[in-house]
Enquirer: 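A single structure is presented below for examination.
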Amino acid sequence: MAQTIRIWPESIVRSPGDVIHERALGYLSDDQMMNELLDWVYTFARRPHDGYADGSIPGTWDDVVDGYFGHLITREELTMLRDRVKPPR
C-alpha cells in the first residue's frame with residue numbers, strides 16, 4: 001500500500017475527516033482547512049431503503065460533526081461551515 005501511495009498519490013481519496021485531522025497534526029493551517037471544508041461537496045446520512053436495516057448510512061458531513069465533538073474544530077468553525085452548507089436537520 002505504501003508503495004502504491006508513493007507511485008500514485010492521486011489515488012488517495014481524502015475525506016473531510018482527513019482534512020480536519022491534517023490540521024490537528026499541523027499539516028494544514030486553520031485557513032487551509034476551512035477553505036477546503038467550505039468548498040467541499042458534502043453527502044448527508046441517509047436511511048437504508050430496504051426496510052431491514054437499522055440506523056443510517058453516514059455521509060461526509062458526519063466527519064465535520066465528529067470533528068466538532070472530538071474537539072478538533074471549534075464552535076465558530078462549525079457554525080461557519082453549517083451556515084455555508086445548510087445541512088438537513
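Since we're looking at a predicted model, the values are computed, not measured.
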Enquirer: Would you give the length of the straight line joining atom CG of Leu72 to atom CD of Glu77, rounded to the nearest 0.5 angstrom?
Expert: 10.0 Å
Enquirer: Hydrophobic cluster membership, with links at side-chain heavy-atom distances under 4.5 Å among I/L/V/M/F/W/Y: are Leu25 and Met33 in one?
Expert: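 The answer is no; the residues belong to distinct hydrophobic clusters.
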Enquirer: Just jot down the salt bridge (charged side-chain N to carboxylate O under 4.0 Å, His left out) partners of Arg14, sequence neighbours excluded, or say none.
Expert: Glu22, Glu36
Enquirer: Name all residues meeting the side chain to side chain contact (heavy atoms under 4.5 Å, CB included) criterion together with Leu78; count only those two or more places apart in sequence or in a different chain, and write none if there are none.
Expert: Trp61, Val64, Tyr68, Ile73, Arg82
Enquirer: Which pairs pass side-chain hydrogen bond (donor to acceptor under 3.5 Å, both in side chains) with one or both residues in residues 24-34, sequence neighbours excluded?
Expert: Arg23-Asp30, Ser29-Gln32
Enquirer: Side chains of residues 37-45: which donor-acceptor partners sit under 3.5 Å, not counting sequence neighbours?
Expert:
residue : atom : partner : partner atom : Å
Tyr42   : OH   : Leu37   : O            : 2.7
Thr43   : OG1  : Thr60   : N            : 2.8
Thr43   : OG1  : Thr60   : OG1          : 3.4

Enquirer: Using the salt bridge (charged side-chain N to carboxylate O under 4.0 Å, His left out) criterion, which residues pair with Asp18? Sequence neighbours excluded.
Expert: none
Enquirer: Hey, what do you get for CG (Leu81) to CD (Glu76), rounding to the nearest 0.5 Å?
Expert: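 Answer rounded to 0.5 Å: 11.5 Å.
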Enquirer: For Asp62, enumerate each residue passing the side-chain hydrogen bond (donor to acceptor under 3.5 Å, both in side chains) test, keeping only those at least two apart in sequence or located in another chain.
Expert: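 For Asp62, no residue satisfies side-chain hydrogen bond (donor to acceptor under 3.5 Å, both in side chains) once neighbours in sequence are set aside.
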